**Student:** 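Structure incoming, see below.
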Amino acid sequence: MIEDARVLQAEWVPREVEHRNPELNALSNALEPITDGEPAETALLVGPSGVGKTCCAQFTLERLREAVLDIEYQRVNCWQDYSRFRTLYRILDGIGETLDIHRQSTAHDELLERLRDYDGPPYVVVLDEVDQLEDTRVLYDLYSIDGLSMILIANREEDLFGRLDDRVVSRLQSARRVRFEKYGLEQIVSILEARVRWGLEEGAIERPELERIADTAAGDARVAIGILRAAAREAERREVPRITDDILDIAIPRAQANITESTVEKLNEHQQILYNILAEEEELRPPALYEAYRDRIDEPRTNRTVRNYLQKMAHYNLIRAEGKGRARTYLIDG
DNA sequence: GGTCCACAGGAAAGATAGGGTC
DNA sequence: GACCCTATCTTTCCTGTGGACC
């Protein structure tokens, strides 16, 4: 059934990106100065999850690398590398300058100094989920480095701009904006068809099943590819040659559960307890949630820290906070 | 409309942990 | 091994907001 499992990963960059020509052209234009030895325009890619923002950025940089040859780029997932130090560290890692840097013993000033000293080929930094940065001063840091080009990726422009220093806002106003809309059903089907062509045996899935996956994914290609992957694995497990409707009945909830499970695994012990309480109780008001949490752990964190945990979990879309003030309740998302 | 109170979340200080230096 | 420096995490203190009650 599966001929090339890499193709079924959402991160895989295809040979051709479908349905994103205007966006690719806009991004290529922003990066074009690099071919003349100049820094690129800062590009700001905005749109909901699973619409191909990261894929387009990587695809364009790969094409640019083929054209210019000598170019470096590094993607930073600001969701994981959210602090100023971690972001700078990841960027330095892209040019192999972190060998002698050790966590917590090197000031971020030194990291910045090293970036300023960099005199290699043109360097493009992709800040993915840039709206998740906890310390946005790092954007000002990066603007202060000559020759460094940036592609910023965010879900919502207003979430990003609302938290930025005025100096960064004024610079970002002139950035090249590229907006990504959700894919339509036909577009998702054709993206899936391409993945099937490259990654599965011929005849592994027919159009009605692809349409069902696309319909479930509601415009999110990442979700659609996840369902296709889960379905292909289930078909392999059953040793059947084709993905059928009854396999999708299993694969669709499983793909959704896989996303939740992998996110819950990233939580610390305290956050997992909070998640489990909400999974059992379905909905709780803040005092009841905190009391239940205190009952289950020997050395509980303070209420304020728990609020930070809950905020983080809501960002992960694991839980939902409904109502304001006294009407606030927490519940499992989805 | 005014007051009270629970709650969220920002800011700053404190605690902790890892690595460097002597 | 003691001390210093640093990033990160946690706590404390505080303010703003909005629903409940009169």
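Atom set for the values below is all heavy atoms of this structure, side chains included, hydrogens, waters and symmetry mates excluded. Since this is a predicted model, take the numbers as computed values, not measurements. In what follows, every chain begins at residue 1, and chains take the letters A, B, ... in the order their sequences are listed.
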**Student:** Write down the distance between NZ (A:Lys312) and P (B:dG10), rounded to a whole number of angstrom.
**Tutor:** 13 Å
**Student:** What integer distance in Å separates A:Asp81:CG from C:dA7:C1'?
**Tutor:** 14 Å
**Student:** To the nearest angstrom, how far is A:Gln311 atom CD from B:dC7 atom P?
**Tutor:** 16 Å
**Student:** Between P on C:dT8 and CZ on A:Arg84, what's the gap in Å once rounded to a whole number?
**Tutor:** 11 Å
**Student:** Other than A:Trp12, what residues sit in its cluster of Ile, Leu, Val, Met, Phe, Trp and Tyr side chains whose heavy atoms are under 4.5 Å apart, directly or through others?
**Tutor:** A:Val7, A:Trp198
**Student:** Tell me, please, which residues at least two apart from A:Arg222 pass salt bridge (Lys or Arg N to Asp or Glu O under 4.0 Å).
**Tutor:** none
**Student:** Let me have a per-nucleotide readout for nucleotides 10-22 of chain C, 5' to 3', with B, S or -, counting only protein heavy atoms under 4.0 Å.
**Tutor:** SBBB----SBS--
**Student:** Residues from residues 272-299 of chain A sitting under 4.0 Å of DNA chain C, heavy atoms only?
**Tutor:** none
**Student:** Give the rounded distance in Å between these two atoms: CZ of A:Arg137 and C1' of B:dA11.
**Tutor:** 13 Å
**Student:** When clusters are formed from ILVMFWY side-chain contacts under 4.5 Å, directly or step by step, what else is grouped with A:Phe59?
**Tutor:** A:Val13, A:Val17, A:Leu24
**Student:** Output the distance between atom CZ (A:Arg20) and atom CD1 (A:Ile191), rounded to the nearest 0.5 Å.
**Tutor:** 7.0 Å
**Student:** Just to verify, what does A:Glu129 make a salt bridge (Lys or Arg N to Asp or Glu O under 4.0 Å) with, not counting sequence neighbours?
**Tutor:** none
**Student:** Not counting sequence neighbours, which residues clear ring pair (Phe, Tyr, Trp, His ring centres under 6.0 Å) with A:Tyr290? List them please.
**Tutor:** A:Tyr293
**Student:** Figure out the CG/C1' separation between A:Leu111 and C:dC5, and round it to whole Å.
**Tutor:** 14 Å
**Student:** Rounded to whole angstrom units, what separation is found between the CG atom of A:Asp109 and the P atom of C:dC5?
**Tutor:** 14 Å
**Student:** Has the side chain of A:Lys53 got a donor or acceptor atom that lies under 3.5 Å from a matching backbone atom of A:Leu152?
**Tutor:** no
**Student:** Checking A:Arg294 now: which residues fulfil side-chain hydrogen bond (donor to acceptor under 3.5 Å, both in side chains) with it, not counting sequence neighbours?
**Tutor:** none
**Student:** Write down the distance between OH (A:Tyr330) and P (B:dA6), rounded to a whole number of angstrom.
**Tutor:** 16 Å
**Student:** I'd like to check the ring pair (Phe, Tyr, Trp, His ring centres under 6.0 Å) partners of A:Tyr316; sequence neighbours left out, ordered by chain and number.
**Tutor:** A:Trp79
